[in-house]
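Inspection log for the structure reproduced underneath, given as structure tokens.
The figures here come from the full heavy-atom set of this structure, side chains too, leaving out hydrogens, waters and symmetry mates. Naming: A, B, ... by sequence-line order, numbering from 1 per chain.
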Number of protein chains: 2
Amino acid sequence: MALDLQETLRKSGIRPSAHRLAVAEYVLTTDEHPSAERVLERVTGRFPLLSRATVYNTLNLFVQKGLLRELVLAEGNVVFDPKLEPHHHFVDDETGKIDDIPWSALAVGDPNKMAGYQIREYMVVMRGRKLGRPRVNKTR
Amino acid sequence: MALDLQETLRKSGIRPSAHRLAVAEYVLTTDEHPSAERVLERVTGRFPLLSRATVYNTLNLFVQKGLLRELVLAEGNVVFDPKLEPHHHFVDDETGKIDDIPWSALAVGDPNKMAGYQIREYMVVMRGRKLGRPRVNKTR
DNA sequence: GTTCGTGCAAACGGTTTGCAACAAT
DNA sequence: ATTGTTGCAAACCGTTTGCACGAAC
């Protein structure tokens, strides 16, 4: 835990203001895939003096500095992902919720073997239903 | 070519009005990946009496009836794809242009083997640069 | 004292909606 | 007559921008 956020920001050339730290604390450690609006909601919970503009500014800054990736997987809903290593994504048809799928879970041929393209990044995007939890020991 | 569009619409339970046919003629046969705005532009070229609302209505209707798929690959840009068979997509970093990549071009492990998910569809999304055309015989 | 961060409200751009007119059956 | 289709303009929603103030260096 508690990797030093202040340090992280500074290393990326971002001055660690209180507001930015508040945003970072949530968005750089979550495994949800929050939209800007959700970040605002979450962060203003504990930090009510934070404006919408600042959240957007901060998120864009983080993306630009490489601390965050933007995902566009559903209409009108840009979403942020602090997990920088390659991985795949599953999008639930009903809830829209996104799951990270480990790179190792799915063998994918190397697209850089395709002539004519130089691939910077790639991922499998899956859509469907998430099945009910296996219900291990909840029979009573 | 010239598969009977009127027939196609009717088979999907869509009454083939003139406007719908005009939209269909472009969007069901293109290999671009047009946004609604682009469809409007293209279709009003030859059919100036067509309103924005009708284009949006028609596109949504086509999607709902399964003649078209919606792709959301870039921010603020929903795009339509008449190619219904499974295939992958490449998005050019610079131009935003989308290429269809044949299913056969890339081996992908079956995600339905992953426990806990029932996958309805999946595709590889690749981003990067498209290299200059191979320049086969253009030396003079 | 210049640069940087922030809040506010307005602007923006793509999409949807309400409503009234019209066409098809 | 009823139902389906269209155009127009306004509404909508997430995001960006302009500007003015205040804090950090």
Checklist entry - Once each nucleotide of nucleotides 8-14 of chain D is scored for protein heavy atoms under 4.0 Å, what B/S/- sequence comes out, 5' to 3'? => result B-----S

Checklist outcome for this item: Its contact letters, B for base, S for sugar-phosphate only and - for none at protein heavy atoms under 4.0 Å, make nucleotides 19-25 of chain D read -----S-

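The CG-C1' distance, from B:L49 to C:dC22, rounds to 14 Å in whole Å. Note: NE2 (A:H19) to P (C:dC8) measures 10 Å, nearest angstrom. The distance between atom CG of B:L61 and atom C1' of D:dT6, rounded to the nearest whole Å, is 13 Å. Residue B:N57 contributes atom CG, which lies 13 Å from atom P of C:dT15 at whole-angstrom precision. In this entry the distance linking CD of A:E75 with C1' of C:dT16 reads 10 Å, nearest Å. Atom CZ in B:R52 sits about 12 Å away from atom P in C:dT16, given to the nearest Å. One atom, CG of A:L40, and another, C1' of D:dT16, lie 15 Å apart when rounded to the nearest Å. Rounded to whole angstrom, the span from the CD1 atom of B:I14 across to the P atom of C:dA24 amounts to 18 Å.
Between A:M126 and B:P111, the shortest heavy-atom contact is SD-CB, 3.5 Å. What you find for B:H88 and B:P102 is that their closest heavy atoms are CD2-O, 3.8 Å.
For C:dT16, one of the phosphate oxygens OP1 or OP2 lies less than 4.0 angstrom from a side-chain nitrogen or oxygen of B:N60. Look at B:S17 and you'll find a side-chain N or O under 4.0 angstrom from OP1 or OP2 of D:dT6.
A:H89 and A:D99 are not linked by any side-chain donor-acceptor pair at a separation below 3.5 angstrom, with hydrogens and angles left out of the test.
A perpendicular orientation is assigned to the rings of B:Y122 and B:W103, their planes being inclined by more than 60° (bins at 30° and 60°).
For A:K83, the NZ atom counts as densely surrounded, since its 6.0 Å shell holds more than 12 non-hydrogen atoms of other residues, nucleotides or ligands.
Here B:E32 contributes atom CD and B:R38 contributes atom CZ; the two are 4.5 Å apart, rounded to the nearest 0.5 Å.
Screening residues 105-115 of chain B for salt bridge (charged side-chain N to carboxylate O under 4.0 Å, His left out) gives no qualifying pairs among residues at least two apart or on separate chains.
Residue A:R20 is in sugar-phosphate contact alone, with no base atom involved, counting any heavy-atom pair closer than 4.0 Å across all strands shown.
Residues A:V79 and A:F90 are members of separate hydrophobic clusters, defined by side-chain heavy-atom contacts under 4.5 angstrom among Ile, Leu, Val, Met, Phe, Trp and Tyr. One hydrophobic cluster, built from ILVMFWY side chains closer than 4.5 Å, cannot hold both A:L71 and A:V63; they sit in different ones.
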